[in-house]
Amino acid sequence: MELRSLEPLAECVWRHPPRGRMRVPVVFFGDRELLAAMDEKVLEQAANVATLPGIVGASYCMPDAHWGYGFPIGGVAAFDPDEGGVVSAGGVGFDISCGVRTLHTGLDEEALAPVRERLADALFRHIPAGVGVGGRIRLDDEAMEAMLRGGARWAVAEGWGEAADLARVEEGGCVAGADPDAVSARAKARQRPEMGTLGSGNHYLEVQRVGAIHDREAARAYGLEEGAVVVSLHCGSRGLGHQIGTDYLPRMARAAAGHGIALPDRELACAPIRSEVGAQYLGAMRAAINCALANRQILTHLVREVFADVLPAARITLLYDVSHNTCKEERHVVDGVERTLFVHRKGATRAFGPGSPGLPPEFAAVGQPVLIGGTMGTASWVLAGRPGPGEGAFQSACHGAGRRVSRRQASRRWQGRSLIEEMAARGILLRGRSLRGLAEEAPGAYKDVDAVVEAAERAGLARRVARLEPLICIKG
DNA sequence: ATGTTC
């Protein structure tokens, strides 16, 4: 991307002034190198978002941003319902409430070493993963509705976990306002065999070693020590979320036209928050959030079953669970005035700073854990939320490394078989169901996650707490 | 991301 149109605002914060029909500027977070490597299409898409009614502050792009459906992935945009603000399916993404959950194991790397191969094989056997791969649960209509309303709380009540888990899940494991009636029969049918499955693409389950600690106080609050073993899983609402996106896009395109909203790109289809379609989408999207939270809860139970068998000394507890594809109704102070806003985070992680309401009390002083997923060969990160620069990006940070090379290009450039060997040579046990899928996910297909989180920290979005290094990686 | 093209 050309940096000429950008004004430096602060370290790693850049502003593209409003032009044409843009109501607000675009604000980028990132260093010169990350922004220079960013596709021009990211600016084009973020500028399109800036034209939408009711947008507040700016159209934001995280350091890991790349182009997506309508809105950039790595984009944050907040809308005020009192000013005609909109909700957009493309602003949330198809994998609604995709997110990361990180689990403590209570073990250190020495305890893991003798059983690493066995653990990798057992996880790969026990965790359903891959396109169209079902799980062992089949929900009837009544259970489906209870799951969509209850999220991880439903899952725990059904025996998939422990009550204490819920305190460490965003929203306490269940978001309010879910409307199962706004979810199509087809979306529910697609989800029926997919509860408790990992999916494919960039979704994964990793066993990781806690590497360098960058912030001792926050690491203590989060229970992270160098050399400890943790498990992270990255997945979302599977077929249900995808079908909701598919179902609502044409409805939103009609709603936008009906409300006189001129769209610079049809992929920006949206509906006023205060409209029938807007309200229905929000109800369906919240049901999908609960589905994703329930899914990660069931997967946690499967992880516990594997550890009970292979490493019975393990005690699996939650560090945290946070989504990075959502639209959330939140209170934010803008120019000294507190307002209710609908914050779209698409490939961007909520990053509440110290003292924010809704955080577990033990995190109040250090801020929310911000879980950043890396790639199969590189680190993941735990960051801590900060108040943010100025109005910030409504308390948001990056979500991962961000794709650099398209799936198609990556599948030509890398080979799954060689990746397994290369990873093994570096002490990383990689297990995948599709060699092509592995090639598409080659570490080289992604940006440098260490550079992304450093830029996020320098921009003041979050601060680095701990680096997580992969030991075992399970992919779909 | 995705019963990888309704």
Side-chain angles (χ1 to χ4, degrees), chain A residues 45 64-75 88-101 128-135 137-139 144 183-205 233-251 253 267 269 284-285 287-289 291-293 295-296 299 323-327 344-349 373 375-376 399-412 416 432-442 445-446 474-476:
Chain A
Q45 291 192 321
D64 50 337
H66 53 114
W67 71 275
Y69 186 92
F71 288 54
I73 296 163
S88 169
V92 173
F94 280 79
D95 190 6
I96 298 169
S97 200
C98 184
V100 180
R101 173 180 288 214
V131 177
V133 174
I137 304 167
R138 292 292 182 278
L139 301 182
M144 178 69 68
V183 179
S184 69
R186 190 176 195 177
K188 291 170 184 164
R190 279 182 68 171
Q191 191 58 26
R192 214 169 290 283
E194 292 190 339
M195 287 311 293
T197 67
L198 194 59
S200 61
N202 65 3
H203 292 167
Y204 61 79
L205 183 145
L233 49 98
H234 176 219
C235 65
S237 54
R238 310 287 290 104
L240 182 118
H242 192 272
Q243 189 61 44
I244 290 170
T246 305
D247 290 339
Y248 277 88
L249 278 166
R251 296 186 62 192
E267 293 185 357
M285 183 210 60
I289 291 178
C291 176
L293 296 179
N295 196 36
R296 293 198 283 272
L299 289 167
S323 302
H324 47 235
N325 284 358
T326 58
C327 177
H344 295 68
R345 296 187 181 89
K346 180 186 189 183
T349 313
T375 74
M376 61 172 79
H399 85 305
R403 187 162 278 281
R404 193 174 64 82
V405 175
S406 74
R407 291 195 172 276
R408 177 179 276 271
Q409 283 180 322
S411 67
R412 289 185 187 143
R433 279 181 167 75
S434 146
L435 288 175
R436 186 196 161 100
L438 291 182
E440 290 180 354
E441 289 294 311
Y446 285 89
I474 307 294
K475 299 280 291 181

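We name chains A, B, ... by the order of the sequence lines, and we start the count at 1 in each one.
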| message | Checking A:Arg192 now: which residues fulfil salt bridge (charged side-chain N to carboxylate O under 4.0 Å, His left out) with it, not counting sequence neighbours? | response |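 A:Asp141.
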
| Does A:Arg238 place a side-chain N or O at less than 4.0 Å from the phosphate oxygens OP1/OP2 of B:dT2? |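 For B:dT2, OP1 or OP2 has a side-chain N or O of A:Arg238 closer than 4.0 Å.
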
| query | Hey, is the side chain of A:Ser200 poking within less than 4.0 Å of OP1 or OP2 on B:dT2, counting only N and O atoms? | reply | yes

| said: I'd like to check the ring pair (Phe, Tyr, Trp, His ring centres under 6.0 Å) partners of A:His324; sequence neighbours left out, ordered by chain and number. | reply: A:His234, A:His399

| query | Looking across every strand, which nucleic acid part, if any, lies under 4.0 Å from A:Glu194 by heavy atom: base, sugar-phosphate, or nothing? | reply |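 Touches sugar-phosphate only.
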
| task | Remember a base hit wins even if backbone is also touched, and classify A:Arg408 as base, sugar-phosphate or nothing at under 4.0 Å, heavy atoms. | result | nothing

| query | What class does the angle between the rings of A:Phe94 and A:Tyr69 fall in, given that below 30° is parallel, 30 to 60° is tilted and above 60° is perpendicular? | reply |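 The arrangement is perpendicular - the two ring planes meet at more than 60°.
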
| remark: Residues passing the side chain to side chain donor-acceptor pair (under 3.5 Å) test with A:Thr375, sequence neighbours excluded, are A:Thr378

| message | If the condition is side chain to side chain donor-acceptor pair (under 3.5 Å), which residues does A:Ser97 pass it with, not counting sequence neighbours? | response | A:Ser323

| In residues 91-98 of chain A, what residues come within less than 4.0 Å of DNA chain B, judged by heavy atoms? |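 Contacts with DNA chain B under 4.0 Å: A:Phe94, A:Asp95.
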
| message | Can you pull out every salt bridge (charged side-chain N to carboxylate O under 4.0 Å, His left out) where at least one residue sits in residues 235-247 of chain A? Sequence neighbours excluded, please. | response |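 As it turns out, the salt bridge (charged side-chain N to carboxylate O under 4.0 Å, His left out) pairs with a partner in residues 235-247 of chain A, which skip direct neighbours, are A:Glu194-A:Arg238.
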
| said: The side chain of A:Val131 is closest to which nucleotide in this list: B:dC6, B:dT4, B:dT2? | reply: B:dT4

